[in-house]
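Chain naming here is simple, since letters A, B, ... match the order of the sequence lines and numbering starts at 1 in each. All values below were derived from every heavy atom in this structure, side-chain atoms included, with hydrogens, water molecules and symmetry-related copies excluded. Note that the structure is a prediction, hence the values are computed from the model and not measured.
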Protein chains: 2
Amino acid sequence: MSRAQRWIDDQGERPTRERVLDAAMQLFHAQGYTATGIAAILERADLNPGSLFHFFPTKEDLVLALLDRYLTLLDPMVIAPVFERITDPIERVFGILDGYRRMLVSTECALGCPIGNLALELSDTHPKVRAKVAANFDQWCAAVRGCLDAGRNRLPPKTDTDRLATFVLTVMEGAVMQAKAQRSLDPYDQSVAELRAYFDRLLAEASDWKKPRSS
Amino acid sequence: MSRAQRWIDDQGERPTRERVLDAAMQLFHAQGYTATGIAAILERADLNPGSLFHFFPTKEDLVLALLDRYLTLLDPMVIAPVFERITDPIERVFGILDGYRRMLVSTECALGCPIGNLALELSDTHPKVRAKVAANFDQWCAAVRGCLDAGRNRLPPKTDTDRLATFVLTVMEGAVMQAKAQRSLDPYDQSVAELRAYFDRLLAEASDWKKPRSS
DNA sequence: TGCAGGCTTGAGTGACCGCTCAAGATGGCT
DNA sequence: AGCCATCTTGAGCGGTCACTCAAGCCTGCA
């Protein structure tokens with residue numbers, strides 16, 4: 001009976017492959033890649049080893065697939081909600097930073113950035129993982145640069161938006177790292193405030209260029 | 001004979017405890033904490049298990065001692081060499097960033113920041129490690145803040161040097177992470193260039209305050 | 001109804017993990 | 001010389017690691 005009940009319940013559930021990725025996403029984020037055993041993933045996904053290894057022949061294949069999922073999730077889960085409630089292109093950048101802040105709040109600053117964690121843990125030793133992490137960073141960078149390009153007319157004329165987007169990502173990752181190490185939002189808030197101060201100066205400078213005669 | 005020879009050779013060598021820390025420092029930096037087995041440390045230090053566990057009862061004790069070493073090494077290995085060749089307090093901040101750049105060059109961007117790596121890998125699960133990582137970050141922050149305070153008169157009057165120092169550390173860590181993920185100096189150089197652009201504006205703003213009549 | 005292919009089952013694999021400990025070597029003190 | 005504290009030796013512990021595989025189940029199609 002419990003087997004039948006299980007089957008009925010499972011009808012509405014996600015397919016096995018997705019359940020594995022769900023479990024791996026949570027556990028890798030919370031404990032790291034090496035520290036998370038396959039057994040823990042199996043338990044959380046309620047599966048046997050064979051099922052998992054049918055879809056992911058090795059643990060590395062699993063984390064690679066997870067990074068692909070992050071790549072496809074960036075737009076619908078991170079970017080779109082921000083763009084929905086904010087239209088100003090520069091404010092959208094800070095909206096993304098605020099979205100990350102909410103994640104820090106909801107995890108009490110304990111977990112940090114799932115991609116950044118994998119970046120530091122595996123870039124040395126797992127070249128394929130490193131490449132996919134780099135692709136994720138590229139996509140983040142491109143999203144931020146898109147905002148900056150859209151607000152280009154309010155920035156100083158010779159602004160390098162690619163460089164500035166890289167800088168925004170740098171600040172985000174560095175700030176999340178410190179927040180995680182200090183278990184406090186303060187370093188994050190301070191860093192974002194300082195980034196805001198920089199943008200204020202860039203915007204002020206550009207508006208001076210536009211109406212220099214008025215002074 | 002080989003034993004006697006070994007003994008003679010060892011006379012000039014570092015004590016056991018230091019050799020363990022040397023080996024752990026290299027291996028944790030290159031492979032991470034969890035991925036480095038005690039056996040690998042023993043092999044690199046040319047020791048038996050008992051010797052290591054005599055000084056460090058658990059693996060966690062070992063990484064905690066390593067973080068203490070980083071704390072004591074910061075000044076003589078990182079700060080002092082920069083202060084020796086640069087006197088301008090603001091330039092000293094960028095001298096520290098340049099020192100880190102040299103480390104990236106010498107490791108081909110593969111390893112990143114040893115403290116940052118431990119921060120992301122272990123902060124979730126090892127509270128004592130997290131606390132010592134935080135102490136390391138605090139000390140880095142204090143060193144940078146010291147420079148900023150020394151150059152205070154050239155910064156805008158109401159500059160929060162603590163916040164700005166946190167920001168510098170944020171940029172450093174975030175930039176190193178991206179350099180490691182991309183295996184390229186570009187993200188680091190771009191981020192530092194952007195930080196420099198911010199400082200240029202802060203310095204220009206402050207000098208406007210000082211001589212507003214001359215314009 | 002039978003069959004083929006995708007998927008699941010779960011006990012089992014050897015290797016490696018952090019760590020133990022009883023025995024012995026060593027150097028300094030009296 | 002005798003003795004203690006400090007340190008070293010290395011075989012070996014129980015446990016966990018990523019992973020295997022032969023067998024069976026389920027579904028869709030002929």
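Remark: aromatic rings of B:Tyr100 and B:Tyr188 are distant, center separation not under 6.0 Å.
In this structure, the OH atom of B:Tyr33 is 13 Å from the P atom of C:dC17, given to the nearest Å. With rounding to whole Å, B:His54 atom NE2 is found 20 Å from C:dG18 atom P. A:Leu52 has its CG atom 14 Å from the P atom of D:dC17, to the nearest Å. A:Phe55 places its CZ atom 20 Å from the P atom of D:dA18, with the value rounded to the nearest Å. We find that CG of B:Asp61 is positioned 14 Å from P of C:dG18, with the value rounded to whole Å. Remark: P of C:dT8 and CZ of A:Arg17 are 12 Å apart, rounded to the nearest angstrom. B:Phe56 has its CZ atom 17 Å from the P atom of D:dT6, to the nearest Å.
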Please list each protein N or O that sits under 3.5 Å from an N or O in nucleotides 19-22 of chain C, with the distance.
from	atom 1	to	atom 2	distance (Å)
C:dC19	OP2	B:Lys59	N	2.6

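B:Glu121 contributes a side-chain N or O that, together with a main-chain N or O of B:Tyr33, makes up a donor-acceptor pair within less than 3.5 Å.
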(request) Assess whether side chain to side chain contact (heavy atoms under 4.5 Å, CB included) is satisfied between B:Leu111 and B:Met103, documenting all intermediate values. (result) CA-CA 9 Å; B:Leu111 306 188; B:Met103 191 262 271; 5.7 Å; no
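Applying the 4.0 Å criterion to OP1 and OP2 of D:dC7, one finds that B:Thr16 has every side-chain N and O outside that range.
Side-chain N/O atoms of B:Asp75 and B:Gln139 include no donor and acceptor closer than 3.5 Å. Side-chain atoms of A:Thr34 and B:Thr34 form no donor-acceptor pair, as typed in the model, at a separation below 3.5 Å.
Of the candidates C:dG10, D:dT9, C:dC17, D:dT9 carries the atom nearest the B:Asn48 side chain, counting heavy atoms from C-beta on.
Between A:Phe199 and A:Phe94, the two ring planes are perpendicular [angle over 60°; tilted spans 30° to 60°].
At a threshold of 4.0 angstrom between heavy atoms, the contacts of A:Thr36 are confined to the sugar-phosphate backbone, with no base atom among them.
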